[in-house]
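Everything below concerns the one structure shown next.
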2 protein chains.
Amino acid sequence: MADASKRPTIVTVAGLAGVSISSASRVLNGHSARPDTISRVRTAAAQVGYVPHMAAQNLKSRRTGQIAFAVENIANPTYVAMVQAIEDVLGPNGYRLVLHSTKADAGSEVEILRDLRRRYVDGLVISPIRVTEAHLREFAQTSAPVVVIGTLPEPANVGTVSVNSAHGVSLAVRHLVEQGCRRIAFLNGPVDSVPGTARLRGYHNGLTAHAPDATGALVQTAADFSVDSGTAAMGQLLARETPDAVICANDLLAIGAMQAVRAHSLSVPDHIAIVGVDDTYLAELVHPALTSVSLHARKRGRLAAELLLERIADPTLPVRSITVEPDLLIRASSRPVSRG
Amino acid sequence: MADASKRPTIVTVAGLAGVSISSASRVLNGHSARPDTISRVRTAAAQVGYVPHMAAQNLKSRRTGQIAFAVENIANPTYVAMVQAIEDVLGPNGYRLVLHSTKADAGSEVEILRDLRRRYVDGLVISPIRVTEAHLREFAQTSAPVVVIGTLPEPANVGTVSVNSAHGVSLAVRHLVEQGCRRIAFLNGPVDSVPGTARLRGYHNGLTAHAPDATGALVQTAADFSVDSGTAAMGQLLARETPDAVICANDLLAIGAMQAVRAHSLSVPDHIAIVGVDDTYLAELVHPALTSVSLHARKRGRLAAELLLERIADPTLPVRSITVEPDLLIRASSRPVSRG
DNA sequence: AAACGTTCGGGAAACGTTTCCAGAACCTTG
DNA sequence: CAAGGTTCTGGAAACGTTTCCCGAACGTTT
């Protein structure tokens, strides 16, 4: 309480140690100095409990030690996985994570990009669900390094970490064909989203490549990528078709679909096999465990963070793009069953 | 690209507008000025795309517009709910969220508390899973407002938002007794954690209050609050007891327990009713849907954020403590079944 | 038209650091 | 011991704002 009066600054320390401010600063930053000076400054600092003021350091050093991650909806386990991976890279490198929720609103994403100019953060990782013209404009003149997790319609001045999700879905098609499925439906999210279009393409590719003799495309679109939308959309699909397998554009939709199947007194996988995409931890939680296409969210998060730090360390470096290959994780929801 | 040379500062703007720096600053902050001056500064600012530099503002204003949330493990849906709620309060108030992962390490929590002195945030919300002496020491001399989500062993100079989780568990006991259960077990998390002890107490209270004629306490402790630990612990419990109901200290443990029950070829709720705690969104995802004690995570997050902002706005305010009452949400995992 | 009150604008200090520069102190070497 | 080179130090500028203070300009009132 004696020191409640005033926060000690480096001036306090320098005065107490009987040295100049510059010497105090040097010692505190570990630069070379006479042993005598070092110990005087150190004890003075300890005595008053000196802690440098971040804002002042930021102003001087022109860096903040913070990076931002802008994400559509932190409730989606895919993004949680990315957050974890990003934090794991950031922490050891002395960076803090600022989290932004965009609620899938392109406007607020652009807002965040624009806000980078205030330099409250040294860089940004963003995973936009749709990429608009406005995004591309801001990417072009961004004032801090940006890494996009996702796919861009055209090259831009940002690093990207993308995944061949189309191929992932086609892996799922092949797997289901091998299980003997002949009426393989696709339960998509919004088609105007980047993941939506890619995954749909993968479905079509997969069908032509692996199931030339199967029933044609059976596509149902959900309102968004949530569980409830999955249930609703699966209900609609079942009202008009009788698929023996459904590939869902993500795990949440798949879980919703499983609930709808159950509500129709059908069984997974006996009547209908279900496959999700993203391989979130939910896939192992539900029963039957969900076969899912892993898009390696953690790995993408890690790579994005690494790409960003690399670029922050040397902004003259050219932007890099990395692509990750998907994998199919087969679980009970699509296991071999007696059929036909 | 013409402006690639140099970031415009307020000096640039003032020069271009032909006014002093102070006038430029005043206009840009919406203070009074002659219409003429206002428009000159505004157009100059727009022309060069001036954006104020946060670090400089922070240094001058002694605030950052950031608050931190320190959380054990962002993968736990309870914390995700809190993050969402906190963000919902912060955003409209112009604050950003800095997320810290502590990995349930008391040391790193204390580290974060200590780091508050660097004033990189204006306040902190923390949800410690254990509260050590070191925590209390740091709370006592914290240099920025802190709100704890959880219960403290003794009053401290921090706001708190707690929940009567013991009562919540005893609600669950009563409910199960009403369902006709007589051998009600409790699957706890680590007993040295704050939630662990409180919930165990609720279990014992509930038994004596609502089930005087039931079998005595059947307690099994899990290594942590995760799904896998739940499966393992439930396996151990089933190896030595035959409960007809199990209350789990959180939803993750409950989901793990359900998997173990299934692995033993038993059915939920026919053979064993299961109840979780936290009422995360997972409760509605699994099958059968999980009965769970809601501890109102979102509400607690919101309240914590509000308490914090209140205290930041006026630090002379005395700290407040709020307690939230739990509710039981009955779902299929504990529905009435034919029994004895 | 003088006296007063109000609004407005500019200079300069301040926020707390880091770093450049030049001079002082030290050590080495011939 | 002088000359040379290192190492160390203190002064001062700089980072980009906001704000205090005071004088200038303006408008009102007698």
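Here is the naming used below: chain letters follow the sequence lines, and residue numbers restart at 1 for every chain.
Contacts with DNA chain C (heavy atom under 4.0 Å) in residues 24-35 of chain B: B:Arg26, B:Ser32, B:Ala33, B:Arg34, listed by number. Using a 4.0 Å cutoff on non-hydrogen atoms, the parts of residues 9-19 of chain A near DNA chain C are A:Thr9, A:Ile10, ordered by number.
Within the structure, every pair that satisfies the salt bridge (charged side-chain N to carboxylate O under 4.0 Å, His left out) test and touches residues 129-150 of chain A, not counting sequence neighbours, is listed here: A:Arg114-A:Glu138, A:Arg130-A:Asp192. Within the structure, salt bridge (charged side-chain N to carboxylate O under 4.0 Å, His left out) contacts touching residues 43-54 of chain B (residues at least two apart or in different chains) do not occur.
The span of DNA chain C lying next to chain A, judged by atoms under 4.0 Å from heavy atoms, is bounded 5' to 3' by C:dG16 to C:dC20.
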For residues 46-60 of chain B, tabulate all N or O donor-acceptor pairs below 3.5 Å that involve a side-chain atom, not counting sequence neighbours.
residue	atom	partner	partner atom	Å
B:His53	ND1	B:Ala55	N	3.3
B:Gln57	OE1	A:Arg118	NH2	3.3

Show me the donor-acceptor pairs, under 3.5 Å and distance only, between side chains in residues 298-308 of chain A and residues at least two apart or in other chains.
residue	atom	partner	partner atom	Å
A:Arg298	NH1	A:Gln84	OE1	3.1
A:Arg298	NH2	A:Asp88	OD2	3.2
A:Arg300	NE	A:Leu295	O	2.9

Please list, one pair per line, the donor and acceptor atoms closer than 3.5 Å that link side chains of residues 93-100 of chain B to other protein atoms, with sequence neighbours excluded.
residue	atom	partner	partner atom	Å
B:Asn93	ND2	B:Val89	O	2.8
B:Tyr95	OH	B:Arg63	NH2	3.3
B:Arg96	NE	B:Gln66	OE1	3.4
B:Arg96	NH2	B:Gln66	OE1	3.4
B:His100	NE2	B:Tyr120	OH	2.9

Identify every side-chain donor-acceptor pair in residues 27-34 of chain B under 3.5 Å, counting partners at least two apart or on other chains, and give the distances.
residue	atom	partner	partner atom	Å
B:Asn29	ND2	B:Ser25	O	2.9
B:Asn29	ND2	B:Ser25	OG	3.3

Original post:
In dot-bracket, 5' to 3', how would DNA chain D read with Watson-Crick or G-U wobble pairs under 3.5 Å, [ ] for crossing ones and | for pairs to another strand?
Top reply: |||.||||||||||||||||||||||||||

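Nucleotides of DNA chain C nearest to A:His53 and B:Ser22 differ in position, and the one nearer the 5' end is that of B:Ser22.
Side-chain atoms of B:Asp314 and B:Glu310, non-hydrogen and from C-beta on, never get closer than 4.5 Å to each other.
Taking the side chain to side chain contact (heavy atoms under 4.5 Å, CB included) definition, one finds that A:Val131 meets it with A:Pro128, A:His135, A:Leu136, A:Leu152, A:Pro153, A:Val194, sequence neighbours left out. Applying the side-chain hydrogen bond (donor to acceptor under 3.5 Å, both in side chains) rule to A:Thr64 yields the partners A:Asp122; only residues at least two apart in sequence or on another chain are considered.
Of the inter-residue distances, the one linking B:Ile322 atom CD1 with B:Thr160 atom OG1 reads 8.0 Å to the nearest 0.5 angstrom.
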**OP:** Carefully, step by step, assess B:Met82 and B:Val71 under the rule side-chain contact (heavy atoms from CB on, under 4.5 Å).
**Re:** CA-CA 10 Å; B:Met82 290 180 182; B:Val71 81; 5.9 Å; no

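Annotation for A:Ala75 and B:Val80: closest pair CA-CG1, 3.8 Å, computed over non-hydrogen atoms.
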